[in-house]
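Below is one structure; the comments refer to it alone.
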Amino acid sequence: MTDTEAKRILEALLLVSDKPLLLEQARETIGADFQETDLRRALLEMAEEYAAANRGMRIVEVAEGFQLVTDPELYPYVTRLTHRVKTVRLSRPALETLAIIAYRQPLTRVEIEQVRGVDASGVLDTLLKFNLIKVTGRKEVVGRPLLYGTTREFLDHFGLKSLENLPTLEELKAMAGPVAPVPAGEPNEPVNESTNPQSAAQAD
Amino acid sequence: MSYKVKLEIFEGPLDLLLHLVKQNHLEIAQIPIAQITDQYLKYLELMQALDLEIAGEFLVMAATLMQIKSRMLLPPEVLTPEEAEEPDPTQELIQRLLEYQRFKQAAELLSTMEKNRFVQLSRPAAPDGAAAAETEELKEASLFDLLNAFSLFMKGQVSRELFHEVIKDEFTVEEKTEILRNLIQDRGKLGFSDLFGAAKNTLEIIATFLALLELIRLKEIVVRQAQHFGEILILRNTDELKTTA
């Protein structure tokens with residue numbers, strides 16, 4: 001089988017997959033002529049070809065696989081036809097909880113709550129329901145609490161290739177820098193009017 | 001009667017502290033505990049005055065802050081050897097705030113990635129419920145079956161509140177009827193739970209359900225199920241011509 005033939009098959013497989021196509025699945029389907037690394041290279045080449053030709057579709061590497069998606073620029077047209085608008089965006093508490101799980105996994109509910117300082121059970125239920133996290137086991141301490149980790153669906157939801165593609169917490173620290181410059185000389189200067197909770201609440 | 005409102009501005013005590021740090025143009029590492037404690041307590045008073053529900057975590061943090069503040073007022077030699085041995089509570093709090101802030105940044109990043117991902121559409125998954133019921137004999141579902149399915153569905157909806165709405169829409173039954181009509185024409189059939197998949201809130205779910213009842217009344221669609229209390233299928237009514245002009 002030639003590379004061209006393999007690419008033709010891969011393109012067809014991408015079209016019919018409703019989840020990112022895993023290299024393992026692709027290799028099983030195509031047969032022994034190709035290694036997963038060959039297929040990955042072929043898919044990356046195809047992705048470049050699509051982009052270079054400015055096709056209406058793109059091939060993206062996501063969630064440990066590859067997926068055929070519409071060009072984001074065409075989003076308004078596509079949704080006009082399908083009414084299929086993805087409106088479910090995660091709330092800030094859900095995103096924060098997911099971030100903690102993504103970086104610290106596996107960890108328990110109590111460990112999550114220690115970081116955020118609030119109850120996490122409701123958010124965890126939602127994340128479990130949406131299959132963004134899963135129970136990965138139990139921690140061998142008193143009460144054997146459940147341990148949580150992220151799923152492949154999590155990678156898919158955020159368009160991540162793998163967990164390694166998340167920036168490290170150190171990188172995040174470098175990106176953000178200090179919250180605001182400290183007033184020189186008098187860091188403990190008296191409270192000004194704008195810190196009055198009444199006026200702040202009204203501003204909100 | 002007092003109506004308790006869940007406070008949305010600050011998710012928890014750490015959020016409130018980070019807010020105060022930002023508002024005072026401070027750095028977390030140099031947080032002036034005495035000043036921040038006073039402001040923190042003022043916020044709690046305000047929340048109480050507005051009759052907002054205050055989570056227990058806020059009170060625990062208030063106690064911690066006051067403990068740190070009172071300890072700072074004492075000269076170091078007054079501390080018992082055990083107290084002196086303990087890790088500095090101010091430093092512990094600073095570490096917690098720094099750590100939490102880091103994860104808030106990570107959450108921001110995830111939010112951006114989510115937005116970028118959402119404009120890439122891919123092939124939708126096949127509705128699995130519909131495919132499985134293909135060969136089974138289908139009975140007509142009654143209004144009570146529908147109401148039962150609806151109330152079961154609504155019970156599972158509390159957590160939907162955790163998601164915000166991107167677009168604030170008014171949902172009318174007319175609009176929903178039109179959307180549902182088109183959907184059924186395109187696909188031929190739908191599972192009951194598929195109806196609400198993209199619904200943003202309870203109002204939209206209710207509007208969709210009323211639209212479903214309307215289309216049944218117009219005999220444009222029929223509802224069937226393989227067995228009682230089984231998944232309800234919504235099918236295009238092919239037995240008779242539609243009544244729409």
Side-chain angles (χ1 to χ4, degrees), chain A residues 15-19 58 60 67-70 72 75 78 82-96 98-100 102-103 115-119 122-123 125-126 129 157-160 167 169 172-173 175-176 178-183 187-188 191 194-195 197-198 200-201 204, chain B residues 9 11-15 18 20-28 30 32 35 38-39 42-43 45-46 50 55 57 61 96 99-111 113-126 156 159 162-167 179 182-183 198 200:
Chain A
L15 176 71
V16 297
S17 298
D18 59 22
K19 288 198 181 105
R58 292 285 185 271
V60 291
Q67 192 174 37
L68 189 65
V69 297
T70 57
Y75 180 75
V78 178
T82 62
H83 300 291
R84 203 159 56 85
V85 190
K86 294 185 190 173
T87 46
V88 176
R89 292 261 172 93
L90 295 171
S91 67
R92 209 158 51 91
L95 286 170
E96 286 177 17
L98 261 182
I100 296 164
Y103 282 100
V115 179
R116 287 198 62 236
V118 285
D119 178 77
V123 180
D125 284 349
T126 309
K129 199 175 100 186
H157 186 89
F158 293 100
L160 279 163
L169 286 177
L172 276 175
K173 192 178 173 182
M175 271 184 236
V179 181
V182 189
N188 288 329
V191 188
S194 71
T195 55
Q198 256 93 5
D204 286 322
Chain B
I9 311 163
E11 195 47 41
L14 293 175
D15 294 276
L18 286 177
L20 292 174
V21 166
K22 208 171 166 182
Q23 201 174 45
N24 290 308
H25 304 291
L26 298 168
E27 273 205 68
I28 294 172
Q30 276 129 28
Q35 177 192 333
D38 293 345
Q39 290 182 22
K42 268 191 201 140
Y43 263 95
E45 279 168 27
L46 177 71
L50 292 173
E57 293 94 349
M61 179 58 77
R96 274 191 80 185
E99 182 187 46
Y100 182 44
Q101 197 192 34
R102 196 86 28 86
F103 283 114
K104 283 178 94 70
Q105 287 161 6
E108 275 302 309
L109 179 80
L110 287 180
S111 176
M113 288 165 42
E114 188 183 46
K115 274 185 207 123
N116 295 338
R117 176 65 170 158
F118 271 8
V119 291
Q120 300 179 331
L121 294 183
S122 59
R123 166 168 289 276
S159 48
L162 282 164
F163 294 81
H164 7 251
E165 302 150 37
V166 177
I167 318 146
I179 292 171
N182 289 333
L183 209 58
K200 296 180 206 87

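Chain naming here is simple, since letters A, B, ... match the order of the sequence lines and numbering starts at 1 in each. Since the model is a prediction, treat every value here as computed from it, not as a measurement.
Interface remark: A:Ile100 contributes backbone and side-chain atoms alike to the contact with chain B (heavy atom separation under 4.5 Å). Only the side chain of A:Val60 comes within less than 4.5 Å of a heavy atom of chain B; its backbone N, CA, C and O stay farther away.
Between A:Val115 and B:Arg102 the shortest side-chain heavy-atom distance does not fall below 4.5 Å.
Interface summary for chain A: among B:Met61, B:Glu108, B:Lys115, the most heavy-atom pairs under 4.5 angstrom belong to B:Lys115.
The heavy-atom pair separating B:Pro13 from A:Val118 by the smallest distance is CD-CG1, 4.0 Å. A pairwise comparison of heavy atoms in A:Thr70 and B:Val119 identifies OG1-O, 4.0 Å as the closest pair. Here the closest non-hydrogen pair linking A:Gly117 and B:Arg96 is CA-NH2, 3.7 Å. Smallest separation of non-hydrogen atoms from A:Leu95 and B:Ser111: CD1-CB, 3.6 Å. When all heavy atoms are compared, the tightest approach of B:Ala106 to A:Ala99 is CB-CB, 3.8 Å.
A donor-acceptor contact shorter than 3.5 Å links the side chain of B:Glu57 to the backbone of A:Asp119. Listed for the B:Glu114 side chain is a donor-acceptor partner under 3.5 Å among the backbone atoms of A:Leu90.
Atom CD of residue A:Glu96 and atom CG of residue B:Leu110 lie 10.5 Å apart, to the nearest 0.5 angstrom.
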Go through it in stages, so that I can follow the logic: the residues are B:Phe118 and A:His157, the test is side-chain contact (heavy atoms from CB on, under 4.5 Å), and I'd like the CA-CA distance, side-chain angles, deciding distance and then a yes or no. CA-CA 8 Å; B:Phe118 271 8; A:His157 186 89; 3.6 Å; yes
